[in-house]
Structures are given as structure tokens and as C-alpha cells.
Amino acid sequence: MTHPVETTPVPAPASPQRPARVLAIESSCDETACAIVEGLEVRASVVATQIEVHASFGGIVPELASRHHLSAVIPVIEATLAKAGLTDLRDLDAIVVTDRPGLVGALLVGVQVGRGLAAATGLPLLGVHHMEGHIFSPFLGDEQRSSEPFTPHLALLVSGGHSELVHVRGLGDYEILGATRDDAVGEAFDKVAKLVGVGYPGGPVIDRLAKEGDPAAIAFPRAMLRDRKNLEFSFSGLKTAVLVHIEEHGQPSSRAELADLCASFQAAVVDVLVAKTRRARARVGASRVHVVGGVSANSALRAAIEAAAIEDGFTVSVPALRYCGDNAAMIGAAGAARFAAGVRGGVSVAASVPLDDPSMVLP
Ligand code: KG4
Ligand code: ZN
């Protein structure tokens, strides 16, 4: 479902001396988040998670997500404003909302509130692609990170809905080199966690359990590694391999067996992600690799990509842990960059839009 693109009037920037200051709202999935961001600097960031709401279902229930965004969004915005010490919204340059991709009912909550704020203040309303937000996440955080400019790089985007290798050539200039043919990697973590009954979301639990296990205990498949030109991913076969293993051997009967299964599954995922990232980096000749999205919090993935970086001679950046999962600070940073580049409108709600869509290119 796509709504027509809207534009808002063009006011003059508050001051050319300082980076754009924006209020951002994120509500694309199961986190209601708000942030005040100045350029790449985060003045306040608040995230209200719905994990407990969806945990008993083993996955996100879209209708429940929309309902909880509705009740959380205003308190989250108020808490963010209080944290930033901002009393007058007219001290901002723009309102930024995640407008795609995501659950449409969930997205619409943030977008409608954003529209209301923009109408009440006369500020421009900018829409940001959720994955463009993730691309900005490694630039946020401590002093060192936030002073880093947005530079060209290869990004490995790994979240609950996406698994992609993207050549980031500039703001809005993205080349998708490879994507998943079936499940996203975070989805695979969540489904495997459900299979072994360790709870939702599965990524953090499997990551923790895997630390106690042997990654070589079970030889799970590494999909599509043989063809060296192929930069696509597939994780549904791996999920089936875990299911078949459980059918043949029964559920793990001890914590040690469970840890071995988690470590072996995680090693299969990480091997494929890192091998394909190395190939993609060599292909585009990038000197930097950024790993972003919820799965970038994974400790084995971080360790393996850092080891590959030393071997191949490239630089790695990952987000601070608090900016790996969904948050509005990353949306604000992307929105502030778009504002600085002259963008003053363009909200287009959609469930699914690739990063290399023509609408991403700066006007
Ligand atoms: O980016 P994100 O917060 O939401 C989406 O945009 O989808 O990613 C959520 C995903 C979930 O599937 C969760 O299981 C996974 O990120 N995740 C992890 C870890 N922490 C979160 N996966 C592996 N290891 C982790 N430590
Ligand atoms: Zn996300």
C-alpha cells in the first residue's frame, strides 16, 4: 500500500552555522521511539519496546503493534523532549518520520503524529527509509563516532526484515549487491529460537547460549557459498536443517546440548555473512565495512568481521549496542543529513521499498 508523496512548504534553515536539529519518530515495527538529533549528535533518544507484548506469540502481531504504538507515541515524545530540555518545538528545523518499509498500520501512527507536529509548528516533515536510518547508526554514539562524517562504504544490513549487502556511495545513492532470497537473518534467529523454545526475540538469547557451546558440534549447511560471484543469501534451508536435526535427535536434553545447537547454528550464519561481505568488499574496492541492523549486536558476527578486517586490510564500524536495534536517533541522523542536503518534504508510506528505489535519490 503506497500513499502519494506529499511536500511541505520550504522555510529558511534556522541557522547555517549549526547542523540541522530535528525531532524523529520511529514506529515501523515493534519499537516506539523518538529522538532529538543535531546532525550526527544525539541530544535525547527514547525507545519503548513492545517485546513483552509479542513474546507469547513468538513473533510480531501487526494489529497489536499498531495499538501499542498509539498508546506509547505521545508519552515517548514527551519523555524525549524532557530529556533534551526542549520546550519550544520551533527551536527545531524539521520533523522526521520513518515512512517505509514496515508494518503499514505501525508506520502510520508515527507518520500521522509527525504530520500533526509539522502542521502545528509549520516545520517541514521529512520521511526516512528505515534501512537508511540503520546505515547512519554507526555514526552515532560517543564523541569519536559522532564526529565521523558520512563516508562511502560497504554496508552489511542484517535485521529482522532484511539481509543485504549494499554499496553506500553517498546519501540516497545505494547499490544493492545481494539480498536474501527467503528469510532475513534476524528472522532465522527468531524462528530457530522458537523451534528450541528459548523465547522471543531469538537473536540475543541464541547469542548468549552460543557462548557456552561448541560451534563445530553440528555441521549445519552454509548456503550458496560455492559460487564465488553470488552475493545473495538464503537462510530458510538452515532453519529447516535445524528442524530436521531436532526431529532426528529430539529437543536438546541439557543446557550443554542446547548451547551446542545454538553455537552451531550461529556459526553457520556468521560464516556465510562474513564470506559474502568479504567478496562484496573486494568487488567494490571499499576500504570500510559497516555492519548495521539488529543482528549487528551479535558478538560472534562482530568478532568474525573484525578478524576478517585484519586479514583483508579493511576498517570495520559497528553501531554502539544501544543503536543496533530500532531507534529514532538513526532516523533523525538520516533526516538531518537529508535536510542539510536541501530536502524539505516527501513522505510516502509503504510496506516495502528497496534502498535503490529511484525515490531514494536526492532531488
Ligand atoms: O533492526 P531490528 O531491531 O528490527 C528490524 O528492523 O527488523 O532487528 C531485530 C532483529 C531480531 O530478529 C533479533 O532477533 C535480532 O535483530 N537480534 C540479534 C541480536 N540482537 C538482536 N540477532 C543475533 N544476535 C543478537 N545479539
Ligand atoms: Zn530495523
Side-chain angles (χ1 to χ4, degrees), residues 2-28 33-43 45 89 91-102 107 110-111 113-115 117-118 121-140 146 148-153 155 157 166-176 290 292 319 323 326-350 353-363:
T2 308
H3 296 287
V5 172
E6 294 164 18
T7 47
T8 34
V10 183
S15 153
Q17 278 85 43
R18 61 161 175 78
R21 184 186 297 146
V22 306
L23 179 148
I25 305 169
E26 153 67 39
S27 68
S28 65
C34 180
I36 308 284
V37 175
E38 236 177 87
L40 293 171
E41 205 146 312
V42 185
R43 283 190 44 184
S45 173
L89 289 181
D91 289 340
L92 297 164
D93 297 315
I95 307 291
V96 179
V97 289
T98 305
D99 60 348
R100 63 217 161 119
L107 283 166
V111 168
V113 172
R115 281 183 180 137
L117 290 176
T121 55
L123 293 169
L125 179 68
L126 277 66
V128 162
H129 190 290
H130 181 79
M131 300 315 288
E132 184 172 79
H134 277 299
I135 285 173
F136 270 81
S137 60
F139 299 100
L140 307 173
S146 57
E148 205 179 310
F150 182 70
T151 49
H153 59 272
L157 269 64
V166 178
H167 188 198
V168 178
R169 295 184 289 219
L171 181 63
D173 183 5
Y174 309 115
E175 182 191 4
I176 300 177
H290 291 189
V292 302
Y323 298 126
D326 289 347
N327 64 85
M330 65 186 195
I331 304 298
R338 284 190 166 261
F339 183 90
V343 179
R344 294 293 182 274
V347 174
S348 174
V349 176
V353 178
L355 265 177
D356 59 359
D357 190 76
S359 64
M360 295 300 296
V361 179
L362 292 179

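Given the structure is predicted, the values throughout are model-derived calculations rather than measurements. Sequence positions, counted from 1, serve as the residue numbers for this chain.
Counting heavy atoms from C-beta outward, Val343 and Pro363 have side chains that approach closer than 4.5 Å. Within the 4.5 Å cutoff, side-chain heavy atoms of His129 are placed close to those of Pro101. The shortest side-chain heavy-atom distance between Ile135 and Met131 does not fall under the 4.5 Å cut-off. Between Glu26 and Ser28, the closest side-chain pair of non-hydrogen atoms falls below 4.5 Å. Looking at Val347 and Val111, their side chains come closer than 4.5 Å, going by heavy atoms from C-beta outward. A 4.5 Å side-chain heavy-atom check between Pro138 and Tyr323 finds every atom pair outside the cut-off. The closest side-chain heavy-atom distance from Arg100 to Val349 is not below 4.5 Å.
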| Derivation and outcome, side-chain contact (heavy atoms from CB on, under 4.5 Å), residues Val97 and Leu125 | CA-CA 8 Å; Val97 289; Leu125 179 68; 4.1 Å; yes

| request: For the pair Phe136 and Val128, evaluate side-chain contact (heavy atoms from CB on, under 4.5 Å) and give the outcome as yes or no after the intermediate values. | output: CA-CA 11 Å; Phe136 270 81; Val128 162; over 6 Å; no

| query | Run the side-chain contact (heavy atoms from CB on, under 4.5 Å) check on Asp357 and Leu355 step by step: do they pass? | reply | CA-CA 6 Å; Asp357 190 76; Leu355 265 177; over 6 Å; no

| request: Determine, step by step, whether Val22 and Ile36 satisfy the side-chain contact (heavy atoms from CB on, under 4.5 Å) criterion, reporting the C-alpha distance in whole Å, the side-chain angles of both residues, the deciding distance to 0.1 Å, and the verdict. | output: CA-CA 6 Å; Val22 306; Ile36 308 284; over 6 Å; no

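Smallest separation of non-hydrogen atoms from Val168 and Ala155: CG2-CB, 3.9 Å. The two residues Phe150 and Gly170 have their closest heavy-atom pair at CE2-C, 3.8 Å. Counting all heavy atoms, side chain and backbone alike, Ser359 lies closest to Val353 at OG-CG1, 4.5 Å. Here the closest non-hydrogen pair linking Ala94 and Leu126 is CB-CD1, 4.1 Å. Minimum interatomic distance between Ala336 and Gly39 (heavy atoms only, all atoms of both residues): CB-O, 3.8 Å. Scanning all heavy atoms of the two residues, the minimum distance from Ala333 to Leu40 falls at CB-CD2, 4.1 Å.
Between atom CG of residue Leu23 and atom CD1 of residue Ile95 there is a gap of 5.0 Å, rounded to the nearest 0.5 Å. In this structure, OG1 in Thr98 is found 3.5 Å from CD1 in Ile331, a value given to the nearest 0.5 Å. Separating the CZ atom in Arg43 from the CD atom in Glu38 is a distance of 5.5 Å, to the nearest 0.5 Å. To the nearest 0.5 Å, atoms SG (Cys34) and CG (Asn327) are separated by 11.5 Å. In this structure, CZ in Arg338 is found 5.0 Å from CG in Leu171, a value given to the nearest 0.5 Å. Note that CG of Leu123 and CG of Leu117 are 9.0 Å apart. Values are rounded to the nearest 0.5 Å.
Side chain of Asp356 to main chain of Glu175: no donor-acceptor pair is present (N/O by atom type, distance under 3.5 Å, no hydrogens or angles). Side chain of Arg344 to main chain of Phe339: a donor-acceptor pair is present (N/O by atom type, distance under 3.5 Å, no hydrogens or angles). With hydrogens and angles ignored, the 3.5 Å screen pairs a side-chain donor or acceptor of Ser27 with a backbone N or O of Gly110.
A side-chain N or O of His130 and one of Asp326 form a donor-acceptor pair less than 3.5 Å apart.
By the 6.0 Å and 45° rule, Arg169 does not stack over the aromatic ring of Tyr174.
Electrostatic pairing of Asp93 and Arg18 counts as a salt bridge here, judged by a charged N lying under 4.0 Å from a carboxylate O.
The distance between the ring centers of His290 and Phe139 falls below 6.0 angstrom.
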